Structures are given as C-alpha cells and as structure tokens.
Amino acid sequence: DWRSITVAGAIVVVGLVVLLAMLLAALRALPRVLILTAIGFAVAAVFRFANAPDLMLTQLLVEVLLTSFFGLALWNVSGRPLAGDRRSQRSMRWGRAILAGGAGLSAAAWVAAMSEGAKNTQVAVFMRETAPAIAKGGNLVNVVLTDVRALDTLMETLVVLIGGLGVVGLLQGNERANRLGPGSLSASGLTPGGLLPGLAKAILPIGILLALVLLIKGHNDPGGGFVAGLSLGVAVMLGLAAFGPARLRSRLKISLSRLAVIGCGLMLAAGMLGWVAGKPFLTQLHGKLSFVGRTLPLHTTLIFDIGVMLA
C-alpha cells in the first residue's frame with residue numbers, strides 16, 4: 001500500500017533511484033564501488049524502516065567488508081593494462097550490463113510474485129511464543145540460527161570453511177610460485193608510513209570490542225555470532241590494508257585459517273554437550289550461575305555463537 005510509505009521511506013527510495021542513475025553514469029571502477037556501497041547503506045535503511053535491525057546490521061557490515069575488499073583489489077591491479085582492445089572492452093561492458101539487468105529484473109519479479117502469495121503466519125507465531133520459553137532468547141533471528149536450525153548453520157559453516165581453506169591454499173601456492181611485484185600487497189602494507197596504519201591501530205580495538213558486544217548481546221538483542229564475525233572481518237581487512245599480510249600475521253600470533261578451524265570445533269563441541277546431557281545433538285543447554293548475589297544465565301548457545309564468529 002503506497003499510502004503506508006513514510007516520508008523517510010520515500011526519501012530512501014528516491015535516493016536509491018538517484019544512486020542507480022549515478023552508477024550507470026560512472027565510468028571508473030572506484031566511483032562505482034563507492035556508489036554500490038551507498039546503495040547498500042540505503043538498503044540497510046530500508047531494513048531499519050521494516051523493523052529488521054539484524055538485517056540492517058548485517059547489511060551495513062557486509063557493505064563495509066566488501067568495500068574494503070574491492071578497494072584492496074583495485075589497488076592491487078592499478079596501473080596494469082586491460083586485456084583486449086577498446087571494442088572488445090565495450091562489448092564486454094554491454095554484455096555485463098545486459099546480464100546484470102536481466103538478473104535484477106528476474107529477482108525483482110520473483111520477489112513481487114512471492115509477496116503476492118498467501119502468507120503463513122503460524123511459524124512466526126510459534127517462534128514468538130517458543131523462543132523465550134525453549135531457547136531462552138529474545139532475538140528470534142539468533143534463536144533460529146543457533147538453536148532451531150543449528151544443524152543448518154553448522155553444515156553451512158563447514159562448507160564455507162572448506163571452500164575458504166581451499167582458496168587460501170591456492171593463493172599461498174601461487175604466491176610462493178610468483179613473488180608479488182610492485183603494486184601488490186606487501187609485508188609493509190599498502191600505505192607504508194602513511195595515515196592508514198595509525199588509524200588502524202585506533203580502529204582495530206574498536207572493531208574487536210564491537211564484535212564482542214554483538215556476540216554477547218545477540219541472544220536477546222540484535223547481534224549474534226554471524227554479525228560479530230563480520231565485524232571481526234572488517235577489522236582484519238583494515239589491518240591487511242594497513243600493515244600487509246606478513247605484519248598482520250605477526251600481530252595476530254595465530255593464522256586466520258586456524259581460528260576458523262577452532263570456530264568449527266567450538267560449534268561441534270556445543271552440539272556434543274547435548275549428547276553428554278542425554279539429549280539430541282546440537283540441543284542447546286541452559287542454566288544459571290549465582291555469583292556475588294547475582295544470577296547469571298549460562299547457555300551453550302554462546303559457545304556455538306563464538307564458533308560462528310571465529311569461523
């Protein structure tokens with residue numbers, strides 16, 4: 001219903017249209033990346049108006065992470081000549097535009113068709129009623145990911161981990177075979193002696209602290225292990241840009257691949273604790289701890305969430 005759109009929502013929609021027009025008019029790669037990031041932020045605002053704070057946090061952190069990644073990639077390939085002549089580059093550009101437009105229109109048509117169908121509210125009602133009673137949590141999104149569908153989360157994390165370890169192995173092998181030349185990531189970082197290393201030293205602790213806050217609060221408030229992991233990813237990407245791979249590894253004292261494996265191990269351990277208690281695998285346990293006159297809630301969901309964050 002168009003009458004239900006607020007002024008702020010209308011501003012976001014108009015902003016999205018303007019940003020899309022700017023994206024089509026942009027000729028260079030970096031402005032395109034920045035415009036896409038602004039579009040992602042606008043989509044996060046749409047999630048905010050739709051009362052979906054978890055999706056908003058995820059969208060914001062994903063956009064920051066992708067922008068950092070593309071920024072590093074663009075810096076790494078800057079100065080290298082493009083393959084092919086101008087005609088072939090122009091044809092490839094039109095081909096990508098047609099492919100992207102077709103994919104976008106198909107996705108929009110699918111969303112519109114799904115939104116017109118009959119809505120089954122029984123699942124939502126069931127989750128609202130059982131989440132506080134069974135899973136002892138007020139954040140329905142986190143309850144679904146870590147309790148109701150914990151097996152799906154575990155298997156998806158294992159698939160991503162295996163794929164990520166394979167990519168890391170290929171990249172490390174390629175790095176050993178072909179030493180990085182000028183214009184690529186080096187041990188001294190992307191901007192040796194510049195402003196970025198100093199900023200990174202101040203921002204990295206904030207990113208790690210934000211991840212811990214999102215992790216601890218995620219069971220009852222917006223957050224959780226996945227969003228906390230994205231916050232850590234942003235911090236790692238910033239450290240990579242500021243210090244370079246070698247210095248970042250020396251500062252972390254442990255490889256990121258090992259952290260991911262430890263995270264999957266924690267997820268499995270949280271599931272096995274249910275077995276130890278005589279319950280099915282991945283059944284989360286809940287209890288209380290009295291300390292200095294206060295009662296602290298304890299649950300294996302936090303162990304599972306820590307694993308998700310690290311993986």
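As the structure is a computational prediction, the values presented were derived from the model and not from experiment.
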In the single-linkage hydrophobic clustering (I, L, V, M, F, W, Y; side-chain heavy atoms under 4.5 Å), do [X] and [Y] co-cluster?
| X | Y | answer |
| --- | --- | --- |
| L230 | I306 | yes |
| V213 | L302 | no |
| V17 | F41 | no |
| L310 | V227 | yes |
| V141 | V43 | no |

Looking only at non-hydrogen atoms, find the nearest pair between [X] and [Y] and report the distance.
| X | Y | result |
| --- | --- | --- |
| G223 | D54 | N-OD1, 3.1 Å |
| L57 | P222 | CD1-CB, 4.0 Å |
| F47 | Q59 | CE1-OE1, 3.9 Å |
| A228 | A211 | CB-O, 3.2 Å |

Enter the distance from [X]:[atom1] to [Y]:[atom2] here, rounded to the nearest 0.5 Å.
| X | Y | atom1 | atom2 | answer |
| --- | --- | --- | --- | --- |
| L151 | E156 | CG | CD | 9.5 Å |
| M309 | L212 | CE | CG | 6.0 Å |
| L268 | L273 | CG | CG | 11.0 Å |
| L232 | L214 | CG | CG | 9.5 Å |
| L105 | W110 | CG | CH2 | 15.5 Å |
| L259 | C264 | CG | SG | 11.5 Å |

Practice item. Report, as yes or no, whether the 6.0 Å neighbourhood of atom CZ on R48 holds more than 12 heavy atoms from other residues, nucleotides or ligands. Key: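 Open: at most 12 neighbouring heavy atoms sit under 6.0 Å from CZ of R48.
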
Point to revise | Heavy atoms of other groups near F70 CZ, more than 12 under 6.0 Å | key: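 Check fails, neighbour count at 12 or below.
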
Measuring only between side-chain heavy atoms, which start at C-beta, is [X] closer than 4.5 Å to [Y]?
| X | Y | value |
| --- | --- | --- |
| F226 | L215 | no |
| L282 | F304 | yes |
| T157 | M267 | yes |

Review point. Run the side-chain hydrogen bond (donor to acceptor under 3.5 Å, both in side chains) check on T146 and T301 step by step: do they pass?
Key: CA-CA 6 Å; T146 61; T301 308; 4.7 Å; no

Review point. Do T300 and Q284 have side-chain atoms, one donor and one acceptor, less than 3.5 Å apart?
Key: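 A donor-acceptor contact under 3.5 Å links the two side chains.
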
Point to revise | Backbone of K279 reached by a side-chain donor or acceptor of T283 within 3.5 Å | key: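 No, T283 side chain to K279 backbone: no donor-acceptor pair under 3.5 Å.
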
Review point. Are any side-chain N or O atoms of T153 and backbone N or O atoms of R149, one a donor and one an acceptor, separated by less than 3.5 Å?
Key: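 Here the side-chain-to-backbone pair exists.
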
Check your understanding: Which one of T58, V64, L60 satisfies the side-chain contact (heavy atoms from CB on, under 4.5 Å) criterion with V62?
Key ->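 Filter result, single survivor: T58.
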
